[in-house]
2 protein chains.
Amino acid sequence: MSTRTAHTRADYVAAALAIIDEHGLAGLTTRSLGDRLGVHGTAVYRHFPNLDELVEAVLNEVIGRIADATEPADDTPRARLTAIMVATRRAFAEHPNIIVPFVSSRGMFPRGLEITNRVLTDLAAMGLSGRELAEALQMLESYLIGSIAFDYAGAPDHLEIRRVRRRMLAHEAFDPLTRSAEQIGELNEAAFALGCIALLDMCERLAAS
Amino acid sequence: MSTRTAHTRADYVAAALAIIDEHGLAGLTTRSLGDRLGVHGTAVYRHFPNLDELVEAVLNEVIGRIADATEPADDTPRARLTAIMVATRRAFAEHPNIIVPFVSSRGMFPRGLEITNRVLTDLAAMGLSGRELAEALQMLESYLIGSIAFDYAGAPDHLEIRRVRRRMLAHEAFDPLTRSAEQIGELNEAAFALGCIALLDMCERLAAS
DNA sequence: ACCTGAACACCGTTCAAGT
DNA sequence: ACCTGAACACCGTTCAAGT
């Protein structure tokens with residue numbers, strides 16, 4: 001009498017994320033998904049209209065975790081904004097294979113919009129409004145997306161290192177800076193922090209004017 | 001005796017770019033490419049080892065045009081940097097369907113490296129060196145990629161407007177700002193310029209320290 | 001040197017059918 | 001309500017063969 005529980009949407013999302021993490025976005029197919037869940041490949045269509053919507057649900061899940069993890073903060077708006085940006089970048093460091101569809105989606109799913117609204121609230125608390133508020137949002141979002149894409153998208157670690165080095169080596173100044181993966185990771189981190197400071201400074205300048 | 005000239009690599013690149021512009025990246029297949037050139041679908045393999053390399057050649061071509069168009073400048077390093085960033089962003093506005101593979105490639109092709117090296121030269125002329133030079137490059141590149149992706153990637157115009165509006169409407173401040181496509185385009189442009197100023201200011205600060 | 005034609009192993013998706 | 005099985009039109013790529 002043990003009722004074999006049927007799969008839920010959440011099961012498919014979890015399986016899809018695992019496959020994408022392990023084998024890349026191209027590794028996610030209806031058949032690979034079915035295999036992992038012990039189910040026929042076409043069973044996904046009982047839960048999602050197509051694979052693209054599954055991927056969007058995966059994005060929503062990953063971004064949702066950021067939203068939950070950075071919830072409350074008795075801090076300045078600027079500190080909260082920095083925390084959200086750092087947390088988002090970190091989340092994609094763990095799931096680099098999902099960055100390409102994320103860039104295409106531009107955060108247009110429920111939990112993404114939730115974070116966008118939180119950023120807007122913080123920017124408003126910094127004294128921005130109207131057109132300047134919109135411009136500030138755009139600046140921060142562009143930089144965040146670009147940093148994520150630049151730092152993690154498109155390649156497994158060792159490949160990335162090789163590629164980054166190839167580029168760096170073209171200019172003498174880089175050779176001593178990029179000898180190891182750690183150095184590259186550190187440099188990426190520092191550059192990201194610097195950009196956040198520069199852009200948030202600009203936000204404050206806009207608020208003051 | 002009219003010798004029918006065979007196709008060259010450049011022919012395939014031009015055809016591929018036209019198809020991508022008209023029908024999106026997914027519209028580019030070996031068969032659609034063959035049809036456009038009046039040739040069998042498998043003929044591409046005489047010129048490129050696979051489709052990914054064709055797409056990389058397309059990226060190289062598009063970026064190469066930017067490199068050629070922004071060549072000389074009797075200007076300050078900062079003005080040259082701004083010009084390169086604006087020109088790159090504009091080039092992708094004309095070829096939005098190519099942004100996703102560009103993000104994955106991270107500029108790792110000949111003409112992309114050429115531009116990267118030019119940026120490095122200008123940053124060095126601003127007084128940056130060593131680790132700060134590397135960080136400055138990373139900041140600018142991330143912001144540029146992100147702005148391009150945020151402003152143009154993933155959707156034809158009318159779709160983009162609908163999506164952007166849907167998001168904007170979630171916050172009261174945006175409704176009056178984003179009534180038309182022109183307003184959105186203007187806002188994107190202004191936000192991009194602002195971010196460039198913020199990041200280049202930071203570069204100067206780094207150079208001065 | 002460039003292209004054709006047939007073939008291969010794969011895709012996403014549909015739909016009738018099962019429980 | 002969820003899943004199976006067969007089928008469809010479509011992929012990228014290989015390879016022997018043509019000129």
Side-chain angles (χ1 to χ4, degrees), chain A residues 1-60 97-98 100-102 104-105 154-155 159, chain B residues 1-60 97-98 100-102 104-105 109 154-155:
Chain A
M1 270 212 298
S2 68
T3 55
R4 195 163 289 298
T5 41
H7 292 119
T8 66
R9 265 177 72 96
D11 294 329
Y12 282 89
V13 169
L17 179 56
I19 291 171
I20 292 171
D21 283 344
E22 287 170 29
H23 304 107
L25 192 66
L28 176 70
T29 71
T30 52
R31 279 132 180 123
S32 72
L33 189 61
D35 286 348
R36 179 172 279 258
L37 290 170
V39 121
H40 197 265
T42 59
V44 214
Y45 295 100
R46 289 309 112 196
H47 300 270
F48 299 88
N50 54 55
L51 271 200
D52 282 348
E53 301 253 359
L54 208 208
V55 173
E56 190 176 297
V58 170
L59 290 172
N60 198 54
N97 295 333
I98 224 179
V100 166
F102 175 68
S104 295
S105 80
L159 228 182
Chain B
M1 266 212 300
S2 68
T3 54
R4 195 163 290 300
T5 40
H7 291 118
T8 65
R9 265 177 71 96
D11 294 329
Y12 282 88
V13 169
L17 179 55
I19 291 171
I20 292 172
D21 283 344
E22 287 170 30
H23 304 108
L25 191 66
L28 177 70
T29 70
T30 53
R31 279 131 181 125
S32 72
L33 189 62
D35 286 349
R36 179 173 279 258
L37 290 171
V39 123
H40 198 264
T42 59
V44 215
Y45 295 100
R46 288 311 109 195
H47 301 271
F48 300 88
N50 54 54
L51 271 201
D52 282 348
E53 301 254 358
L54 209 207
V55 172
E56 189 175 298
V58 170
L59 290 172
N60 198 54
N97 295 333
I98 225 177
V100 165
F102 175 69
S104 295
S105 81
F109 39 83

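Here is the naming used below: chain letters follow the sequence lines, and residue numbers restart at 1 for every chain.
Residue A/H7 has no polar side-chain atom (N or O) positioned under 4.0 Å from OP1 or OP2 of D/dC2. In this structure, B/Y12 does not reach the C/dC2 phosphate: none of its side-chain N or O atoms is under 4.0 Å from OP1 or OP2. Side-chain nitrogen and oxygen atoms of B/H47 include none within less than 4.0 Å of the OP1 or OP2 phosphate oxygen of C/dA1.
Ring orientation note: the planes of B/Y12 and B/H7 are nearly perpendicular, at an angle over 60° on the 30°/60° scale.
Here C/dA1 presents its C1' atom at 15 Å from CZ of B/R9, a figure rounded to the nearest Å. C/dT4 atom C1' lies 6 Å from atom NE2 of B/H40, rounded to whole Å. Rounded to an integer number of Å, the gap from CZ of B/R46 to C1' of D/dA16 is 11 Å. One can place NE2 of A/H23 at 16 Å from C1' of C/dC10, the figure rounded to the nearest angstrom. One can place CG of B/L51 at 17 Å from P of D/dC10, the figure rounded to the nearest angstrom. The CD-C1' distance, from B/E53 to D/dT13, rounds to 14 Å in whole Å. In this entry the distance linking CG of B/L54 with C1' of D/dT13 reads 14 Å, nearest Å. The nearest whole Å value for the distance from the CG atom in A/D11 to the P atom in D/dC2 is 11 Å.
Here the side chains of B/I19 and B/L33 are in contact, with some heavy-atom distance below 4.5 Å. Side chains of A/V13 and A/L54 form a contact here, defined as non-hydrogen atoms less than 4.5 Å apart.
Here A/T29 lies in heavy-atom contact (under 4.0 Å) with sugar-phosphate atoms only. Contact annotation for B/L28: backbone-only contact, meaning every heavy-atom pair under 4.0 Å involves sugar-phosphate atoms and none involves a base.
Look at D/dA16: its Watson-Crick or wobble partner, with both distances under 3.5 angstrom, is C/dT4. Here C/dA9 sits opposite no nucleotide as a Watson-Crick or G-U wobble pair (both hydrogen-bonding atom distances under 3.5 Å).
In the set C/dG12, C/dG5, D/dG12, the nucleotide with an atom closest to the side chain of B/T42 is C/dG5. Of the candidate nucleotides C/dC11, D/dG12, C/dT13, D/dG12 has the atom nearest to the side chain of B/R31. Looking at the side chain of A/Y45, the nearest of the listed nucleotides C/dT13, C/dC3, D/dC2 is C/dT13.
Nearest heavy-atom pair across A/D21 and A/N97 is O-ND2, 3.4 Å.
Ion pairing of B/R36 with B/E22 is present here, as a side-chain N (NZ or NE/NH1/NH2) and a carboxylate O approach within less than 4.0 Å.
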